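Atoms within a ligand are numbered from 1 in the order they appear, just like the ligands themselves. In this text the structure is predicted, and so the values were computed from the model without any measurement.
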Amino acid sequence: MRLTLIKPTIGRPTHSLYVDEARMEPLNLGVLAALTPPDVDVVMYDDRCEPIPYHQPTDLVAITVETYTARRSYEIAAEYRRRGVPVIMGGFQPTFVPDECAEHADSVFIGDAETVWASVIDDARRGALKPVYRGEPGRPQTGVLTRRDIFEGKGYLPVSLMQFTRGCRFVCDFCAVTRYFDRKHHIRAIDETLAEIENQKRKLVFFVDDNIASNRQALKELCRALIPLRINWVSQASLDVTADAELMKLMVDSGCLGHIMGFESITRDSVREARKAPNMPRFDQYATQIAILREHGLQTWAAFTLGYDHDTVDSVRATLEFALKHRFTFAAFNILMPYPNTPLYDRLTREGRHLYDGKWWLHPEYRFNDCAFVPARMTPDQLTDVCYEARREFNRIPSMLWRFSDLKTNMRTLTRMRAFWQFTPVFRREVFKKHGMVFGHFGHR
Ligand code: SF4
């Protein structure tokens with residue numbers, strides 16, 4: 001039996017072939033490959049960087065689908081199904097909108113794959129795929145090490161992705177993690193996490209946890225175990241981690257270079273509206289938290305979500321000033337997006353504020369980074385434009401040099417300097433390449 005795994009791209013700019021230079025290993029497909037019995041021949045194609053050979057014989061196609069890649073995923077599925085090959089879809093989009101995905105696939109996988117994937121393969125061998133499979137959310141990869149051989153030769157950024165925990169104890173209004181994991185935090189065994197690190201060659205690891213600091217005790221134990229390995233690592237963490245001095249020191253001692261951190265907004269009312277609890281206890285415009293991050297030399301990727309009901313064109317511009325003032329290694333000025341099955345999505349539905357029929361991810365008129373709802377104090381176009389303006393200004397070459405020149409963070413060590421120049425220019429290019437991108441490859445105007 002042959003299994004074909006597919007990582008779809010978002011789409012492409014209107015007139016050119018798009019290759020995602022910032023692509024990282026699709027960890028979930030490496031896990032799926034590892035969960036597959038060894039007698040099955042597994043191949044993986046990454047639509048972000050290579051053509052998909054639809055003509056190549058295969059018995060089952062598994063596509064990982066996110067909201068942004070849904071339209072392209074449905075195109076790919078149609079190509080395979082036209083050739084009589086069964087398609088199963090898994091990931092966030094099938095988990096949150098299974099009925100939509102079921103229209104484009106033979107089978108939909110809801111939830112985590114670990115406990116159920118073997119029965120999917122059994123059913124596929126017998127030609128008896130079920131229309132729906134459900135896997136309970138739980139610990140990442142118990143007893144399973146990611147198969148990284150399927151990543152070889154695909155030109156991924158030189159960082160190894162892995163997972164220590166899943167889920168988060170907070171309930172931010174816009175975040176899909178909240179409902180997926182129901183506030184639970186599932187933690188991988190430390191010895192298995194260490195084995196995962198030792199089972200690959202790189203010295204830079206990205207823990208793609210939703211919030212690696214959701215359980216501080218667990219993170220402390222991981223940090224202690226990482227110290228002898230002498231690696232560098234990055235992850236995603238909520239800002240409240242700065243309140244724990246012991247943990248901050250342990251992170252640095254264990255090789256942490258920094259985190260993606262959700263600041264979301266510099267406006268107190270917007271933070272409250274987002275229900276971003278980890279940002280609230282000492283809301284002094286983040287002065288305390290940023291000072292602690294800088295003292296520890298952490299390189300921060302600041303994530304903002306812009307377009308709350310208290311936000312204005314001026315407050316978005318003030319956010320740009322804030323990001324430049326603090327010389328963040330990188331900053332993402334994301335428009336607040338109503339992802340399906342989030343509290344935010346439901347609220348905008350109740351208030352009749354969706355654009356694009358409430359399904360921006362499928363709408364032929366929608367473009368990457370467009371606002372998809374009616375903001376309270378701006379027009380949708382104003383929000384789209386001012387967020388682009390913030391990205392453009394933050395990513396100007398003089399801005400990059402200014403940010404790099406921070407002696408406490410980006411210039412603190414050679415390793416940090418190298419990390420800045422290895423990754424920041426790539427992310428910068430992708431910001432401009434992705435802006436206005438058409439979703440999918442076909443069927444747009
Ligand atoms: S802290 Fe982060 S991961 Fe947790 S609910 Fe909020 S946005 Fe989601």
Side-chain angles (χ1 to χ4, degrees), residues 27-28 66-68 91-93 95-96 111-112 137-140 161-188 206-219 222 233-244 247-248 251 256 258-283 286 288-290 292-293 298 300-309 311 319 328 330-348:
L27 174 65
N28 52 355
E66 298 161 284
T67 307
Y68 276 104
F92 258 43
Q93 188 75 353
T95 296
F96 287 143
D112 288 356
R139 284 179 170 212
L161 274 56
M162 54 192 75
Q163 213 172 21
F164 175 51
T165 66
R166 286 180 183 157
C168 177
R169 66 192 159 97
F170 298 111
V171 286
C172 302
D173 189 56
F174 57 88
C175 180
V177 167
T178 300
R179 284 196 178 155
Y180 188 96
F181 292 102
D182 193 23
R183 297 190 76 169
K184 295 191 180 68
H185 197 226
H186 304 280
I187 302 164
R188 194 176 185 188
F206 178 9
F207 289 106
V208 296
D209 301 33
D210 303 301
N211 176 7
I212 199 166
S214 183
N215 181 323
R216 292 187 198 161
Q217 282 312 319
L219 181 52
L222 176 68
W233 63 278
V234 295
S235 187
Q236 312 190 95
S238 48
L239 270 167
D240 59 319
V241 72
T242 53
D244 191 324
L247 180 51
M248 291 299 295
M251 285 198 298
C256 179
H259 295 293
I260 299 169
M261 306 193 95
F263 288 78
E264 317 310 348
S265 175
I266 58 170
T267 308
R268 176 188 278 270
D269 287 339
S270 293
V271 173
R272 189 174 287 127
E273 183 187 334
R275 302 185 66 200
K276 188 83 188 182
N279 294 20
M280 285 303 289
R282 289 169 75 172
F283 193 88
Y286 302 121
T288 308
Q289 291 100 329
I290 292 171
I292 293 169
L293 292 170
L298 294 185
T300 299
W301 169 310
F304 299 100
T305 43
L306 304 162
Y308 295 104
D309 288 355
D311 292 350
T319 308
F328 293 126
F330 201 77
F333 299 90
N334 299 317
I335 291 179
L336 183 64
M337 290 306 295
Y339 289 99
N341 205 14
T342 55
L344 171 70
Y345 190 95
D346 295 346
R347 178 163 64 82
L348 293 174

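Here the protein contributes Cys168 SG as N, O or S atoms under 2.8 Å from atom 4 (Fe) of ligand 1.
Of the possible donor and acceptor atoms, one in the side chain of Ser265 sits under 3.5 Å from a partner among the backbone N and O of Thr267. Although no hydrogens or angles enter the test, the distance criterion places a donor-acceptor pair under 3.5 Å between the side chain of Ser214 and the main chain of Arg169.
Between Phe181 and His186, the ring-plane angle classifies as tilted under the 30° and 60° cut-offs.
Here the options are Arg272, Lys276, Arg275, the test is salt bridge (Lys or Arg N to Asp or Glu O under 4.0 Å), and the partner is Glu264; only Lys276 passes. Screening Arg166, Lys184, Arg139 for a salt bridge (Lys or Arg N to Asp or Glu O under 4.0 Å) involving Asp112 leaves a single residue, Arg166.
The shortest contact between atom 7 (S) of ligand 1 and any protein heavy atom is with Lys276 NZ, 3.4 Å.
Side-chain contact check for Tyr180 and Asn341: no donor-acceptor pair (N or O, by modelled atom type) lies under 3.5 Å.
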